[in-house]
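Remember, it's a predicted structure, so these values are computed and weren't measured experimentally. The basis for the numbers below is simple: all heavy atoms, side chains too, and nothing from hydrogens, waters or symmetry mates. Naming convention: chains lettered A, B, ... in sequence-line order (proteins, then strands); numbering from 1 in each chain.
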There are 2 protein chains.
Amino acid sequence: MVSSISSLDRTDIAILRVLQAEGRISNVELSDRVHLSPPATLARVRRLEEEGYISGYAAMLNREKLGHDNLALIEIALELHQYERITEVLDQLVAMPEVLECYHVTGEYDYMIKVSTVNNRALDHFIAKRLIPLPGIARIHTSIVLKALKQTTELDLPEP
Amino acid sequence: MVSSISSLDRTDIAILRVLQAEGRISNVELSDRVHLSPPATLARVRRLEEEGYISGYAAMLNREKLGHDNLALIEIALELHQYERITEVLDQLVAMPEVLECYHVTGEYDYMIKVSTVNNRALDHFIAKRLIPLPGIARIHTSIVLKALKQTTELDLPEP
DNA sequence: AGTTGGCACCTAATAATATTCGGAATAATA
DNA sequence: TATTATTCCGAATATTATTAGGTGCCAACT
């Protein structure tokens, strides 16, 4: 996809900046922050949603308080197969709720996934019983996260 | 931190499930979904926020539409130093807006960061001018993300 | 068994916010 | 200059958030 950021003005960027940090802010307060009336602000937010600049809103939960003590980054190398076979495996992989992120990456391995589970035992179960059994998995390498120092979804938005 | 999920009931979990997926849903509709009156629902949401189960709300933006064409996963090995020196470097690292995530991990490298930039040139600039100059960086390894197949923050919440 | 207190809930009322609807100002275009 | 499109504002209305009062339930204790 080619960038369409040029069609956004300073106010749009300001709105996106606020919503990235405070997704549940009221439209009235948002309009205050970006120096626009509530109706004008709301129209812009709707436009940003409809045009796909905003893909959704999410509550960020505290993993550990919710019993997820384990986070792992797993690199996966696939055996060479025809495209269809690979997409099948990937479809299954991304459908797993433990898999929060899945990236096709350059380097020694082909894919990198981020996996959140309640504990080491659940991670072991995920790897042994759900990941390894997928057809075409050649090799995996697991890194356990000892500590998360930063976790944000806030992009550094450029001035238009 | 020890898990405190046991203090949550089915309704709390239901609320968290909905808010993870639709962070900007109105309290009225949320209360409908979890079969509770709006005031009771709102009180629970406030409690979940105050007790830290919900750490915040965020609009999820479309990286590519906003000009961020480049995502990279960078592994970092640090030279052994006293703790203070390391935390200084890490403080600087996590303060960089290009760095979306930073994890202390097991394995050959010590840290893994996720970096979002507008293009390859900006990534090169980040690595050469901002990352490498940090004191104590022994070695890095960069994986470029060719494609993001899944990106969610939705945890798989257990039944209580 | 009856009483008490705490808790979570509901309904109803009020306050605030979201949304719709003219109409005005501005800027681009014919 | 006239016209059109765009974006905005303020006012009106619809919807939602929030507060307040009261009810039912359950457990602990008398």
Please name the pair of heavy atoms, one in Leu155(B) and one in Arg63(A), separated by the smallest distance, quoted to 0.1 Å.
CD1-CG, 3.5 Å
Searching all strands shown, indicate the nucleotide that pairs with dA30(C) (Watson-Crick or G-U wobble; both distances under 3.5 Å).
dT1(D)
Throw together a table of side-chain donor-acceptor distances under 3.5 angstrom for residues 137-148 of chain B, partners on residues two or more places apart or in other chains.
unit_1	atom_1	unit_2	atom_2	d
His141(B)	ND1	Glu75(B)	OE1	3.0

Check the phosphate of dT7(D) against Arg47(A), side-chain N and O only, distance under 4.0 Å to OP1 or OP2. Yes or no?
no
Name of the residue among Ile54(B), Ile15(B), Leu8(B) meeting side chain to side chain contact (heavy atoms under 4.5 Å, CB included) with Arg47(B)
Leu8(B)
Can you tell me if Ile132(A) has over 12 outside heavy atoms packed within less than 6.0 Å of its CD1?
yes
Sugar-phosphate atoms are those with a prime plus P, OP1 and OP2; base atoms are the rest. Using that split, label each nucleotide of nucleotides 9-17 of chain D B, S or - for protein heavy atoms under 4.0 Å, 5' to 3'.
BBB----SS
In whole angstrom, give the distance that lies between atom CG of Leu8(A) and atom P of dT7(D).
12 Å
Which pairs would a plain distance check flag for residues 84-96 of chain A, meaning a side-chain donor or acceptor within less than 3.5 Å of a matching protein atom at least two apart in sequence or in another chain?
unit_1	atom_1	unit_2	atom_2	d
Thr87(A)	OG1	Tyr83(A)	O	3.4
Thr87(A)	OG1	Glu84(A)	O	2.9

Ile15(B) has an atom CD1; how far is it from atom P of dA8(C), in whole Å?
13 Å
Measure from CG on Asp9(B) to P on dC26(D) and round the result to the nearest Å.
15 Å
How many whole angstroms separate atom CD of Glu49(A) from atom C1' of dT19(C)?
14 Å
To the nearest 0.5 Å, atom CE of Met60(B) lies from atom CD of Gln151(B) at 7.5 Å
